[in-house]
Structures are given as C-alpha cells and as structure tokens.
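Here is the structure we will look at.
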2 protein chains.
Amino acid sequence: MREHDGGATMAPGRVGDVRRRNLALVLGSIGPESLATRADIAASTGLTKASVSSLVSELLETGLVAEVGLTRAGERGRPGVGLALDAQRGALGAEVNVDYLAVGVVDLHGALRFHEVAEAVNRGREPEAVVAELSRLVGRCVSAAADAGVTLLGGGLAVPGLVDPSRGVVLSAPNLGWRDADLSAALAELVPEAPFGVVLSNEADSAALAELWYGHGAALGSYLYVSGEVGVGGGLVMGSELFAGPGGHAGEVGHVVVEPTGSQCSCGGRGCLETVAGQEAILAAAGITNGGSTTAARMAALQAALEAGDAQAISAVERAGHYLGIAVVSAARLIDLSAVVLGGHFAALATWIRPALLASLRSFAPGAVASDAVAFSELGTTAALRGAAGAAVRRALAAPYALLG
Amino acid sequence: MREHDGGATMAPGRVGDVRRRNLALVLGSIGPESLATRADIAASTGLTKASVSSLVSELLETGLVAEVGLTRAGERGRPGVGLALDAQRGALGAEVNVDYLAVGVVDLHGALRFHEVAEAVNRGREPEAVVAELSRLVGRCVSAAADAGVTLLGGGLAVPGLVDPSRGVVLSAPNLGWRDADLSAALAELVPEAPFGVVLSNEADSAALAELWYGHGAALGSYLYVSGEVGVGGGLVMGSELFAGPGGHAGEVGHVVVEPTGSQCSCGGRGCLETVAGQEAILAAAGITNGGSTTAARMAALQAALEAGDAQAISAVERAGHYLGIAVVSAARLIDLSAVVLGGHFAALATWIRPALLASLRSFAPGAVASDAVAFSELGTTAALRGAAGAAVRRALAAPYALLG
DNA sequence: AGAATTAGTATGTGTTCTGAACTATATGGG
DNA sequence: CCCATATAGTTCAGAACACATACTAATTCT
C-alpha cells in the first residue's frame with residue numbers, strides 16, 4: 001500500500017523503468033470504454049505520438065487492450081482506431097464472512113459478470129473446511145467465466161480479520177476464530193492459471209474500495225467507510241487510495257472511544273463504539289434478546305420492529321447513530337476527512353439511523369461533515385468481493401509489463 | 001506531500017527522470033557524516049560503480065556534497081574517497097507564534113548553527129508589522145551564516161494556522177487574527193539568493209517533523225505529535241513522513257470529541273479535547289484566574305502551584321491527561337498509530353501529566369500505546385523553526401538536479 | 001480530382017544505465 | 001625492493017528509450 005522508504009534502500013532507477021511507467025500511464029488513460037485513439041492518448045499524456053504508438057502495440061500484446069473499430073465518423077481527417085480495455089479479461093473476487101461465502105468475477109470494465117452468495121455458518125469452523133467449500137463456489141464461477149470466454153488475470157479473497165497479503169496468512173480473524181491461518185497454498189490453487197495470483201485482503205478495506213470504484217466513493221474521493229458486520233470495522237480511503245496505516249489496522253473505527261463512562265469492550269478498553277453500535281449492542285438495547293435464533297434473523301426482527309414504530313427499537317438505533325456521529329467527528333478532525341459511507345447493518349438501518357447521525361454530526365462538529373457527504377452503501381453482500389476483485393484488476397493494470405515476455 | 005493521481009493526469013516518464021531519481025538516491029545514501037565512498041554507494045544502492053561515479057561528480061558540482069579525505073587506512077587495496085554532505089550549506093527556519101518570533105539556520109548535517117528567539121505580542125497584530133520584525137531577526141541570522149561561510153539553499157516559515165504553501169498565503173490563523181494573509185512577496189525577500197525559496201508551513205506540522213528529524217521521532221517512525229500552544233494542535237507522522245490529509249488539516253487532535261456531555265467549544269462543537277486540555281481550560285480548572293497577566297506568566301504560576309503540591313492544580317492537570325489519553329486512543333485506533341510525542345505546554349507539564357495519561361491509555365486501550373511510546377518533546381521554542389528548516393533541507397536534497405545547469 | 005486535415009509509422013539523435021576492461025593506489029610476502 | 005593481491009574509481013561500447021522530424025494513410029471539403 002505504501003512505498004515510503006528511508007531513501008537509501010530505494011531501488012535504483014533504470015532506463016527500463018521509464019517504459020514500465022509509461023505503459024501503465026497509457027493503460028490508465030484508456031478508460032473502460034472511452035474509445036480513446038492513439039492520438040488522444042498522446043495529447044492527454046504528453047507523450048509523443050511515436051511513443052504512444054509503440055506503447056500501445058505492446059499493450060495490445062498483453063491482451064488487456066483491444067482495438068474496437070474506428071472513431072469519429074463524419075469529421076475531417078483520417079479516423080482514429082478506438083482502443084478500450086478488453087471486457088473479456090477480469091479478476092476473481094471472493095469473501096469469507098461469518099455467515100456467508102461470496103464469489104464473483106469483475107471484468108476490466110468494472111462490471112460484475114458472475115456471482116454467487118451462499119449462506120454458511122463459518123464461526124469457529126476450521127479454515128480447511130471453509131476453503132474447501134469456497135473452492136467449490138469459485139470453481140463454478142471460474143468455469144462460467146471460461147464458458148463466456150472471460151480470461152482471469154488474478155483475484156482477491158477478503159476475510160473479516162487482519163491479514164498478511166505477502167505471505168497469504170490470516171493473522172487473526174476473531175469472529176471466525178482463526179489465528180495464523182496459512183492460506184497461501186489454497187490461494188494459489190483457486191485460479192491456477194492467473195498470472196497475478198490471488199491476494200488476501202481485509203473485508204472492511206475491500207468493501208471501502210468497492211465503494212470507491214463501484215459505489216458512492218467515486219464522488220467523494222476521501223472518506224471513512226464504516227462496516228457494520230458482527231463487529232464494527234472500517235476502511236479509510238484518501239485521495240482515491242486505501243490508507244492501511246503503519247501496521248495495516250487503520251480505519252478500525254469500532255474501537256474509538258465515544259463514551260468515556262461507558263462499559264467494558266471485548267478489546268479490553270472501555271466505551272468503544274462497538275459497545276454501543278455493534279449488532280449485539282443495538283439488539284440488546286432494542287430488547288430483541290431471542291438468543292436462540294441467528295443474528296441475521298434477529299436483525300430482521302429489529303427491522304420489523306422499526307417499521308412497526310416500536311419506540312424501544314427506534315431509540316436503540318438512534319442511540320447508535322448518536323455515538324457513530326461522535327466517532328465520525330473524531331475521524332474527520334484527526335484525518336481531515338469530510339465524508340462517510342456506511343455499510344453492513346448500518347446500510348440496512350439507514351432510514352432510522354440517518355437523522356440521528358446527522359444530528360450528532362451537527363452537534364459535535366458543525367460544518368465538518370455535510371449532510372450530503374453521508375452516504376449509505378448499496379452494494380450489500382457483494383461489496384467485499386467486488387473490492388477484492390477490483391484490487392486485482394488494478395494490480396494488473398498497474399503492471400502490464402508483467403504480461404510481456 | 002502526496003503524489004496520488006488519477007493516472008491519466010500523471011506526467012509521462014522521460015529518460016532523464018531516471019537520472020533525477022538516481023541523483024536523489026545517491027544523495028540520500030550519503031548520510032550527514034557517513035563518509036561513504038563511491039564503492040559503498042554502489043553496493044548500497046545497487047547501481048554500478050560507473051553510474052555512481054558519474055552521479056557523484058554531478059553532486060559535487062551542486063555543492064551539496066564534498067570530498068573529505070581518504071577512508072579505510074590500514075586495510076588492503078586502494079582507499080576510497082570519503083563523501084559527506086557539506087555542512088557549509090543549510091536552510092533558514094523561522095516561526096511566527098502568538099507570543100514569540102524565532103529564527104535559525106540548520107545545516108545539512110542537521111545541526112542548529114545559529115538561532116534567536118524574541119518575545120513578541122503578535123495576537124491581532126497586522127501581518128506586515130510582524131513580518132517586518134521577523135525580517136530584522138532573519139537578517140541578523142543570515143549575515144551570521146554568511147560570515148561563517150554557510151550558504152543558504154532555502155527556508156521555511158511556520159505559522160500557527162492553515163496555509164497554502166504553493167501560493168504563500170496564510171489562509172487562517174485564528175490565534176493571530178490573520179485571514180488570507182498573502183506573504184508571498186515577503187517570503188521571496190527573506191533569503192533572496194536561496195535557490196529553493198522560503199516556504200510556508202503549519203507550526204504543529206513543522207514541530208512534528210522536527211521531532212522526527214531532531215528529536216524522539218526517529219526512534220518511533222510513526223506517531224501523533226500533540227502541540228499544546230494556545231490551542232491544542234497536532235501533526236501526524238507516518239512512515240517517517242508527514243501526513244497532511246486531503247485538505248491539509250490532518251492531525252487536528254484538539255477537536256476530537258472526548259467528553260460527549262462536555263461544554264461548548266470555540267469551533268462550534270461540544271466536548272472537544274481543547275475544552276478540557278487547552279491552556280485556558282487547565283488554568284481555569286487549576287483556579288489560576290489572574291486574567292491580567294500574560295498566558296506565559298500564568299503557566300509559570302501553574303508550574304509553581306504544581307511544584308508546591310497544590311491539589312487543585314494537580315487534579316486539573318490530571319484531568320487534562322485523562323482526556324488526552326482518550327483522544328490518543330481514538331487516533332491510535334483510527335490510524336493505527338502506536339506512539340505519541342507531546343510538545344508545547346504538555347512538555348512543560350510532563351512530570352504531572354504523564355502518569356494520568358498513561359493510566360488513561362491503559363484504561364481505554366490496553367496495549368495500543370506502550371508506556372515507552374509516550375515521549376515528551378525537548379526542543380522547546382526551536383521545534384517549529386527546526387522543522388521548517390529541516391523541510392527546506394529535504395526539499396533541496398530531494399531535488400539536487402535543480403542546482404545544475 | 002485535388003487540397004486540407006487528422007491518424008499513425010519510420011528513422012535518426014541524445015540521454016542514461018550496464019558490463020567489461022582498464023587504471024590507480026594501497027597492503028603484505030618473499 | 002619487487003611483485004602478487006585487493007580494493008577504488010574511470011573509460012568505453014552497447015542497449016533501451018523517448019523525442020523530433022519527416023513520412024505514409026485515410027478521410028472530408030471544395
């Protein structure tokens with residue numbers, strides 16, 4: 001995520017680096033379906049037509065780019081050849097979460113081509129068993145893609161925990177009960193022929209990026225994504241890039257202190273956001289204590305109570321919105337953010353939580369976060385898989401030279 | 001500070017960029033007095049001896065680097081020629097604060113060669129008048145440097161407010177009463193012959209960087225710097241770089257919400273850290289309400305009361321430490337930081353505030369911030385000027401090619 | 001049909017890194 | 001004292017690449 005370096009340990013620049021950079025630059029200026037011509041690219045990048053010509057011919061070799069007929073009919077002069085990213089190339093996205101598995105394929109145009117979401121009870125289940133079930137889902141998706149002629153370049157797997165992407169290890173996923181789970185072998189087998197491999201990521205981070213690329217984030221640019229799953233997680237997107245922090249934990253808004261006199265949190269601290277806005281906390285405050293059924297069922301019951309106008313349910317959700325506002329204000333001040341996107345159960349509760357959240361923001365930091373900078377995710381259970389797949393797509397687009405001899 | 005870009009608006013890479021990068025790379029591996037030889041540099045950077053030779057000869061031309069005798073006497077083989085940054089080159093640093101002006105010169109070895117701090121009452125004073133007084137101080141410092149044979153490459157001016165460095169404008173400095181003050185002309189005249197010019201910066205950001213380069217920060221790498229001046233400001237250093245945020249406000253820890261039921265803040269919000277840990281808040285809680293004297297005098301009175309064991313004073317400072325801990329925890333969680341450096345009045349109160357802060361950290365986030373990751377600044381009133389000068393030095397070292405034909 | 005206009009390609013030049021050969025300067029052993 | 005050995009630094013040919021210029025290609029306007 002970051003390329004900071006003392007300076008002395010930086011890699012030396014070689015002449016060939018220039019070409020790598022320019023390949024990515026040209027590729028970046030070929031939008032999904034912009035139908036840019038070589039001449040357009042030369043104008044927009046500042047490269048000469050000669051250089052663009054040579055760069056484009058290499059990009060065509062990689063298969064990432066395709067020539068798509070002529071452009072500009074009716075005007076004077078020779079028409080240019082339209083160039084576009086090849087929609088028949090894509091990446092796999094997958095998510096393991098506490099109560100479902102999800103897989104899908106996103107193509108270079110950003111379209112979700114195939115996907116499947118399967119309910120599952122993964123809490124406390126062995127990584128091997130979960131991965132085996134995931135592999136079956138992935139297999140179906142991969143063959144569907146192959147049948148449609150879509151070639152997969154790479155992939156991403158999002159999990160609700162802290163990961164080490166370089167080693168392919170889930171360091172800890174409390175809600176799954178995983179610790180130091182080495183998935184590197186399994187990742188390598190998911191899409192064996194993909195040149196860029198399958199990379200692990202954090203679920204909240206991936207969902208935050210999905211929002212950037214395929215949701216509300218594009219308009220916002222920099223924002224805090226808050227994911228209300230079993231815990232309250234989050235991801236930080238700044239300047240259209242994910243900010244993971246020095247140790248990869250950044251965006252963990254669930255353990256911001258919002259109530260100094262509040263109750264003990266599972267993290268060992270006190271008054272954390274999660275203790276007042278986590279699923280369990282909201283359900284308890286709403287009086288929905290039917291412990292036997294699943295969390296999903298109880299959330300549905302909450303929804304029903306809200307729609308019926310149940311006062312206790314409404315005040316429970318409003319309380320969560322109030323405290324969410326405090327956490328968002330702290331984030332806005334510390335990191336200079338001015339927008340939020342809410343996902344997971346917060347998105348489902350949008351109607352009831354939004355007014356309370358806005359009131360809280362106005363009260364604690366008038367002007368810091370405008371009301372039109374509070375968005376609710378519409379990506380549902382496909383958010384993390386789209387983000388993971390999207391990240392794989394970006395990796396490929398950033399390193400087209402890896403596909404050349 | 002950031003070089004993010006959509007991709008399409010990036011500048012094209014040219015062959016010459018490689019040399020620029022490698023010039024900076026080689027320069028970066030010539031430590032202050034490391035006495036590296038060309039061969040050492042080749043080994044540490046990965047460049048060939050031939051390239052290093054050519055790059056070094058250009059760096060010698062810029063004057064940033066000097067050959068300093070031979071190295072490695074007593075061993076076999078031809079001894080190498082030692083290379084070091086020329087300590088006779090430096091940069092000007094200056095600070096305008098509410099109650100003082102400070103200027104100084106930092107050389108390429110990081111030493112503070114000359115400096116002067118003058119008390120002043122700048123609150124509400126016109127920018128022109130303040131700058132005129134500052135210019136006199138700078139003039140003395142510049143001639144002292146010239147007399148000692150030190151050449152100035154650039155400079156930095158830190159102010160307690162939000163700045164636009166590219167235009168040389170102080171957008172707003174509430175504690176000075178400045179708004180949209182255009183200092184660009186004045187900045188250009190401060191050190192007319194300096195090739196890199198004089199650049200505006202925020203006081204807290206500069207102090208945070210001074211801590212990184214010349215204080216506790218080097219050992220920490222990533223940390224939150226909290227500056228207790230008239231207000232409570234801060235700067236965020238991550239991966240040995242300042243993080244300014246999308247709009248340049250990042251690190252503003254003074255307006256993190258630490259007491260949801262707390263009192264109104266001047267920012268329009270409620271329960272901000274500044275309302276319980278700002279100078280005025282601490283003095284009021286300590287019962288030091290002698291409004292006639294200066295803030296500095298009242299802070300001295302507070303110090304005396306603390307040393308005398310005054311219970312009200314002690315509990316006022318402990319309260320500030322408690323709330324400071326809450327803000328630090330929120331920052332630690334959101335941005336994944338694990339260290340803090342405290343400056344300004346917090347540094348002066350270190351003895352009394354430290355235990356309360358540590359207790360608060362333990363209570364709200366055990367393990368997030370270790371007790372040896374809480375440091376107190378020792379740079380005093382030279383912090384911001386050293387940071388501003390240091391930033392100017394880095395700018396020069398990052399762009400040595402600007403000094404060539 | 002020919003002029004004008006725009007797209008894209010071919011060719012020569014300058015910059016810069018690399019690798020290998022070479023020169024320079026020290027130590028240590030016979 | 002001289003030569004082998006080791007290390008530092010320079011010189012020179014070769015390859016990669018972007019650039020500038022000149023060229024060919026394809027279309028519309030008159």
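Letters go in sequence order (proteins before strands), and every chain restarts at 1.
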Using a 4.0 Å heavy-atom cut-off, does Val52(A) contact any base of the nucleic acid, only the sugar-phosphate backbone, or nothing at all? nothing

Only counting residues at least two apart or in another chain, list the ones meeting side-chain hydrogen bond (donor to acceptor under 3.5 Å, both in side chains) with [X].
{"X": "Arg113(B)", "result": "Gln88(B), Asp107(B)"}
{"X": "Asp17(B)", "result": "none"}
{"X": "Arg38(A)", "result": "Glu67(A)"}

Among pairs that include at least one residue of residues 43-60 of chain B, which meet salt bridge (Lys or Arg N to Asp or Glu O under 4.0 Å), considering only residues two or more places apart or in two chains? Arg19(B)-Glu58(B)

Under-3.5 Å N/O pairs linking protein and nucleotides 1-3 of chain D:
none

We want to know whether Ser201(B) and Ser206(B) form a side-chain donor-acceptor pair, criterion being a heavy-atom distance below 3.5 angstrom. yes

Applying side chain to side chain contact (heavy atoms under 4.5 Å, CB included) between Pro400(B) and each of Val65(B), Leu55(B), Leu23(B), report the one that passes. Leu23(B)

Under the criterion side chain to side chain contact (heavy atoms under 4.5 Å, CB included), which of Val393(B), Leu108(B), Thr62(B), Leu92(B) is the partner of Leu153(B)? Leu108(B)

Using whole Å, report how far [atom1] of [X] lies from [atom2] of [N].
{"X": "Leu25(A)", "N": "dC17(D)", "atom1": "CG", "atom2": "P", "answer": "15 Å"}
{"X": "Leu404(A)", "N": "dA16(D)", "atom1": "CG", "atom2": "P", "answer": "14 Å"}
{"X": "Leu60(A)", "N": "dG8(C)", "atom1": "CG", "atom2": "P", "answer": "11 Å"}

Which parts of nucleotides 16-24 of chain C does protein reach within less than 4.0 Å, heavy atoms only, written one letter per nucleotide 5' to 3' as B for base, S for sugar-phosphate only and - for none? BSBB----B

Contact between Tyr223(B) and His216(B) at the side-chain level, heavy atoms closer than 4.5 Å - yes or no? no

